[in-house]
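Every chain is numbered from 1 and lettered A, B, ... according to where its sequence line falls, protein lines coming before strand lines.
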2 protein chains.
Amino acid sequence: MAERAPQTSMGRSETLLFLTDEQLRRGIEAMFFAYRGFTADPDKILQEYGYGRAHHRAIHFINRAPGTTVNNLLSILGVTKQSLNRVLRTLVDDGLVESRVGTRDKRERHLYLTEAGADLERQLSEAQRNRMRAAFRNAGPEAVAGFRAVLEEMMDADMRRHYLDGGDGSGGGAP
Amino acid sequence: MAERAPQTSMGRSETLLFLTDEQLRRGIEAMFFAYRGFTADPDKILQEYGYGRAHHRAIHFINRAPGTTVNNLLSILGVTKQSLNRVLRTLVDDGLVESRVGTRDKRERHLYLTEAGADLERQLSEAQRNRMRAAFRNAGPEAVAGFRAVLEEMMDADMRRHYLDGGDGSGGGAP
DNA sequence: AGTTTATGTCAGCCTTGTTGACTTTCCAAG
DNA sequence: CTTGGAAAGTCAACAAGGCTGACATAAACT
């Protein structure tokens, strides 16, 4: 393959097979187009409720770690408290999220999905899972491992932390 | 909660190794966190120029296919012409993009980066390539293939078209 | 008692998306 | 040649969701 030496923006020390600028550009565009597909289905559902992606993100991470605090959510989402608060307020007002004052530390608010909130969460995540399941299945298990490996490398280091300690719902040792 | 068997939202016909809801959730969060990392470096550069991601996207695809028309760009970016036009106007006013009236069809405007525009493009894509190169290298060539395979499956079908016919700069067969 | 921390809130600004209405240019079919 | 419609541009208005800054309150820490 590749008559004419493939261009890389580094020296010729790179493994020539996959680090050409052209390959990297393909990766960049893959991220762009795939992320659009990734958010398309939930976006449609959210629109019916008058919500946006910001609401989805909050709902997702509250569901993942019930009882999480506002501050913790803030550090995961990487937005200002004013931004998050606006979203959170509408979710609480609409009865999708419950905000309980902490028992150990009464300054903290612990966030939980209500039944209605959990319903919406299921609807959203199911749509998103359906697309991802199809993509995973069509690409195969080895591709999935590679997908995850590359994405993990692409994260900022401090976000990798949030990503890695998922799994159990111990979102801050709620009492 | 739920120390029962691993849940999948489909039947038990799935290959249990990688299509559990938990695995899918990890994939979803990987996309979220990785996309943030993916855009973080260009965002910093853009801020210095008073531009946003919309400008980056326009610059990227004009660079990829010099001479592309506004309409073509519209279908790639998936926004309204009013939205794109606002961005394009600032780029033209600032001398980063040149808009040439079409010769064959004078209604069309063909878009090109100026020297200054190409400079900014290089700066932006270099930052983004650096991160992707590091991720690709750390993950290894097989992971890269998997990454691309999954992302391609995740795109909407009509976007896959735009993704696949990249490479040559024949953005509409300009004369 | 004084400071720090966690949260909430008000006000205002920016980018980037949206819809709707209208104009100009100009190709192409009748 | 006339006219229908496509491509592009423009103006106006609006919304989501980022941001900053300032300020309030309660609770915890020192």
task = For residues 60-94 of chain B, pull every pair meeting ring-ring contact (aromatic ring centres under 6.0 Å, His included), keeping only residues two or more places apart or in separate chains.
result =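 Every ring-ring contact (aromatic ring centres under 6.0 Å, His included) pair that includes a residue of residues 60-94 of chain B, provided the two are not neighbours, is A/F32-B/F61, A/F33-B/F61.
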
key: Of all pairs that satisfy ring-ring contact (aromatic ring centres under 6.0 Å, His included), the ones with a partner from residues 69-91 of chain B, not counting sequence neighbours   =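 Found none.
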
query = Under a 4.5 Å cut-off applied to non-hydrogen side-chain atoms, are B/D21 and A/R133 in contact?
reply =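 When only atoms from C-beta onward are counted, A/R133 and B/D21 do touch, with a gap below 4.5 Å.
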
query = Taking C-beta and beyond as the side chain, do A/E29 and B/H162 meet within less than 4.5 Å on heavy atoms?
reply =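 Side-chain contact under 4.5 Å: no.
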
Which atom pairs, donor and acceptor, lie under 3.5 Å between side-chain atoms of residues 92-101 of chain B and protein residues at least two apart or in another chain?
| from | atom 1 | to | atom 2 | distance (Å) |
| --- | --- | --- | --- | --- |
| B/D94 | OD2 | B/Y51 | OH | 2.4 |
| B/E98 | OE2 | B/R100 | NE | 3.4 |

Each nucleotide N or O in nucleotides 25-27 of chain C that has a protein N or O under 3.5 Å away: list the pair and distance.
none

task = For A/V70 and for B/A54, locate the closest nucleotide of DNA chain C by heavy-atom distance; then report the residue assigned to the nucleotide nearer the 5' terminus.
result =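 This one resolves to A/V70.
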
query = Which two nucleotides bound the region of DNA chain D that has atoms under 4.0 Å from heavy atoms of chain B, read 5' to 3'?
reply =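 The contact span of chain B on DNA chain D goes from D/dG5 to D/dC11.
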
key: A/Q128 vs A/H56, side-chain contact (heavy atoms from CB on, under 4.5 Å): CA-CA, chis, key distance, verdict   = CA-CA 11 Å; A/Q128 209 155 37; A/H56 185 185; 3.4 Å; yes

inquiry  = Any side-chain N or O of A/N71 below 4.0 angstrom from OP1/OP2 of C/dT7?
reply    =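 Affirmative; the distance criterion is met.
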
Pairs touching residues 78-91 of chain A that satisfy side chain to side chain donor-acceptor pair (under 3.5 Å), sequence neighbours left out =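 Of all non-adjacent pairs touching residues 78-91 of chain A, those that pass side chain to side chain donor-acceptor pair (under 3.5 Å) are A/H55-A/T90.
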
query = Under a 4.0 Å heavy-atom cut-off, which of residues 34-47 of chain B touch DNA chain D?
reply =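 Heavy-atom cutoff 4.0 Å gives no residues at all.
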
Residues within residues 75-92 of chain A bordering DNA chain D, heavy-atom distance below 4.0 Å =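 Output list: A/G78, A/V79, A/T80, A/Q82, A/S83, A/R86.
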
[X]: partners by salt bridge (Lys or Arg N to Asp or Glu O under 4.0 Å), with sequence neighbours left out:
{"X": "B/R107", "result": "B/D105"}
{"X": "B/R122", "result": "B/D119"}
{"X": "B/D41", "result": "B/K44, B/R131"}

Sequence neighbours excluded, every pair satisfying salt bridge (charged side-chain N to carboxylate O under 4.0 Å, His left out) that has a member inside residues 49-59 of chain B =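 As it turns out, the salt bridge (charged side-chain N to carboxylate O under 4.0 Å, His left out) pairs with a partner in residues 49-59 of chain B, which skip direct neighbours, are B/D43-B/R53.
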
ask   = How many Å lie between CG on A/L111 and C1' on C/dA6, as a whole number?
value =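 Interatomic distance, CG of A/L111 to C1' of C/dA6: 12 Å.
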
request  = Compute the centroid of each ring, for A/F147 and then for A/F136, and state whether the two points are separated by less than 6.0 Å.
outcome  =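 Distance test on ring centres: under 6.0 Å, yes.
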
ask   = Do any N or O atoms from the side chain of A/N130 and from the backbone of A/E126 form a donor-acceptor pair under 3.5 angstrom?
value =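 Yes; at least one donor-acceptor contact below 3.5 Å.
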
